[in-house]
Amino acid sequence: MARSFFLLYSLSRRRVSDSPRSLFFIPTALALTTSLFILFYISSTSNLFTPHRHYNSRFHFLQNPSEFSLKTHNLQTPIEDQPQSGLISDPPMPNLGPPADHAGAAKPSPSSNGINVENENVFHDRDMFEEDYIKMNSTFKIFVYPHQRSDPYANVLLPVDYEPEGNYASESFFKKSLNNSHFVTKDPSKADLFYLPFSIARLRHDPRVGIDGIQDFIKEYIFNISHKYPYWNRTGGADHFYVSCHSIGRVAVNKADEVKRNAIQVVCSSSYFQSAYVPHKDASLPQIWPRLQDDPPTITSSQRKNLAFFAGSINSPVRQKLVETWQNNTQISVHWGHLNTSYEAALLDSKFCLHVKGFAVNTARIGDAFYHGCVPVIIANHYDLPFADILNWKSFSIIIATLDIPSLQRILTSISNDEFAKLHENVLDVRKHFRWHAVPVDYDAFYMVMYELWLRRSSIRVIGFH
Ligand SMILES: *[C@@H]1O[C@H](CO)[C@@H](O)[C@H](O)[C@H]1NC(C)=O
Ligand SMILES: *[C@@H]1O[C@H](CO)[C@@H](O)[C@H](O)[C@H]1NC(C)=O
Ligand SMILES: *[C@@H]1O[C@H](CO)[C@@H](O)[C@H](O)[C@H]1NC(C)=O
Ligand SMILES: *[C@@H]1O[C@H](CO)[C@@H](O)[C@H](O)[C@H]1NC(C)=O
Ligand SMILES: *[C@@H]1O[C@H](CO)[C@@H](O)[C@H](O)[C@H]1NC(C)=O
Ligand SMILES: *[C@@H]1O[C@H](CO)[C@@H](O)[C@H](O)[C@H]1NC(C)=O
């Protein structure tokens, strides 16, 4: 950029010295170069000139795999980073306390406390979404690699035949819902995408595999399907995807380079600080504690007594900072250990519910907040929020950088009742997208994930393989 500026500048100078008459050009040339310089500068620093949506940008990675691996080379997450069994437990059922989860390091990201919810639509473009959704719903086809009940790894590869439970239920819900949906095709030539049905959560608990064996298992699985079927080799896995909610997913594919580089990873721990996660290629899966029975309770915005609520173990520097700053505050209630009141009652009684990065950027707290009509406050730098390319998170959440934890009270109290009422209304509007159902319902979490996949379906069809 700077070089082109000087090039233009010296060109204009040369002209000037050629003939006195061209002195006339000095101001013009200078003005021209300056405007060019400014344009260059703006285009390189702002996203004004780049399209808002980056559909099918995965193509880039396919063409330049080496460039991509270069970028990510130094950022491997060591497997020792994984939570110890004591650190992680499933979140307790209602009334027992807050969800437990992981601890990790925080990295700064730009702050965004300019709150302005007026005229904010929950969709970036609702009309476009609805139009696309109908197309997706009627044409999208997935080929699921078939496995028999007699397969020794059937427990890992087939959908469960009970209602999924617990912190990582999103993974099982997706597989089960897909298995029973109209998106599945038995004819691979009709498929837009291919599903790798291994469950990372189940591999973790399988004594034959375990945490240490997951990487080898996935490598072997890819070896198997790429030898038995022609589909993987056609695109190096670019029209394949897997779904995982456990944060170990981010290192599970470390020995299967093509999965990491080319396949679509639909994961809960969608941090764009992680080398293994590539926004736009990969997709964020919402972590949702399943609540199938009841309709979500509705408590109006004005009935909520507490300003903000957080409960959870203090297992990360970000949470440590939150506790240090706000533990004695009467408006922001921060709890660790056991709660006197029920977790659900607290979520129902609070205006804002804090989602604070622990071990990973994701927890079930955002889903919990939505379900209870509480406006989520997200303090998890680098979290690629679920469905962020469809939904306008600014309209139904408050996103705060870790560095701004000391300003939390000021930020939340500066939100007027009208602004809060709008945020709350939008929460009630979007929460249907963050629910799983035994039988999927239009626009619920299952369909939203399908839509994310549809946006990422490959336009690459290698000619000559049909
Ligand atoms: C999506 O497809 C399902 C199954 O064909 C159908 O029941 C549902 O009405 C469709 N939804 C929309 C919005 O078209
Ligand atoms: C998966 O789909 C197959 C075929 O459509 C069906 O027979 C099977 O019961 C389904 N499995 C589960 C666990 O729903
Ligand atoms: C790969 O295939 C071999 C031979 O069929 C089988 O024994 C093994 O369990 C398979 N491994 C995986 C991870 O699917
Ligand atoms: C896919 O590529 C691998 C590695 O080049 C090769 O060994 C394998 O035979 C190929 N698979 C098929 C089905 O041709
Ligand atoms: C909160 O209260 C405890 C107990 O009174 C005290 O030890 C601690 O320093 C206080 N923390 C802050 C941040 O004021
Ligand atoms: C919980 O109850 C105990 C005993 O009633 C009380 O001392 C404590 O302050 C309460 N804690 C909270 C967070 O309300």
Side-chain angles (χ1 to χ4, degrees), residues 62 65-66 143-159 171 175 188-189 191 194-244 248-249 251-263 307-311 314 317-337 340 354 356 379 402-410 412 458 460-466:
L62 263 182
S66 53
F143 179 79
V144 183
Y145 281 103
H147 296 283
Q148 302 302 314
R149 290 218 163 266
S150 56
D151 187 303
Y153 286 104
N155 60 326
V156 164
L157 300 165
L158 294 181
E171 178 190 288
K175 195 197 292 191
S189 72
F194 293 76
Y195 177 46
L196 307 164
F198 49 72
S199 158
I200 285 170
R202 300 195 126 227
L203 283 168
R204 234 182 122 235
H205 292 296
D206 190 314
R208 295 167 295 178
V209 183
I211 293 177
D212 295 338
I214 295 182
Q215 298 187 351
D216 287 314
F217 180 94
I218 292 175
K219 186 180 170 188
E220 191 181 303
Y221 185 82
I222 300 300
F223 180 92
N224 283 2
I225 58 137
S226 67
H227 282 76
K228 187 165 176 197
Y229 302 93
Y231 318 118
W232 182 271
N233 283 4
R234 295 193 303 194
T235 60
D239 52 6
H240 285 58
F241 70 96
Y242 74 91
V243 175
S244 167
I248 201 170
V251 290
V253 299
N254 270 1
K255 288 188 182 165
D257 215 34
E258 281 186 324
V259 178
K260 189 157 123 182
R261 222 165 38 196
N262 300 338
L307 180 66
F309 171 79
F310 173 80
I314 306 308
V318 190
R319 291 187 183 177
Q320 190 64 45
K321 179 77 185 158
L322 183 81
V323 167
E324 276 168 19
T325 319
W326 299 112
Q327 59 178 328
N328 300 334
N329 189 277
T330 51
Q331 284 192 298
I332 296 175
S333 69
V334 178
H335 302 266
W336 60 99
N340 284 5
L354 311 185
V356 187
I379 310 177
T402 302
L403 281 173
D404 289 332
I405 287 177
S407 314
L408 189 57
Q409 189 173 23
R410 185 182 57 71
L412 297 184
S458 202
I460 310 149
R461 257 285 166 266
V462 180
I463 300 151
F465 277 95
H466 281 291

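Quick note: residue numbers are just sequence positions, from 1. The structure displayed is predicted, hence computed values, not measured ones. We count ligands from 1, going down the list as the structure has it; atoms in each ligand are counted the same way.
Ring-plane geometry between Tyr221 and His147 is classed as tilted, the angle between the planes lying from 30 to 60 degrees on a 0 to 90 degree scale.
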Hey, what polar pairs (N/O, under 3.5 Å) does ligand 4 make with protein?
residue: ligand 4; atom: 2 (O); partner: Asn233; partner atom: OD1; Å: 3.3
residue: ligand 4; atom: 2 (O); partner: Asn233; partner atom: ND2; Å: 2.3
residue: ligand 4; atom: 7 (O); partner: His227; partner atom: NE2; Å: 3.0
residue: ligand 4; atom: 11 (N); partner: Ser226; partner atom: O; Å: 2.7
residue: ligand 4; atom: 11 (N); partner: Asn233; partner atom: ND2; Å: 2.8

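Put simply, the side chain of Leu196 does not reach to within 4.5 Å of the side chain of Ile218, judged on heavy atoms. Looking only at side-chain heavy atoms (C-beta outward), Tyr195 and Phe143 stay at 4.5 Å or farther from each other.
Contacts between Gln327 and ligand 5, counted as non-hydrogen atom pairs separated by less than 4.0 Å, involve the side chain only.
In terms of polar-atom proximity, Tyr221 is not counted as a contact of ligand 3, lacking any N or O under 3.5 Å from an N or O of the ligand. Ligand 3 has no N or O atom lying under 3.5 Å from any N or O atom of Tyr153, backbone or side chain.
A cation-pi contact, defined as under 6.0 Å to the ring centre and within 45° of the axis, is absent between Arg208 and Phe217.
Contact atoms of ligand 3 toward Phe217: 13 (C) (distance under 4.0 Å to a heavy atom of the residue). Those atoms of ligand 5 with a heavy atom of Glu324 less than 4.0 angstrom away are 13 (C).
Under the ring-ring contact (aromatic ring centres under 6.0 Å, His included) criterion, His205 pairs with no residue, sequence neighbours left out.
Remark: of the listed residues Tyr242, Tyr231, Phe241, Trp232, Tyr231 is the sole one forming a side chain to side chain contact (heavy atoms under 4.5 Å, CB included) with Phe194.
When all heavy atoms of Lys175 and Phe198 are compared, the pair lying nearest together is NZ-C, 4.4 Å.
Remark: the backbone N or O of Val334 is not paired with any side-chain donor or acceptor of Gln327 at under 3.5 angstrom.
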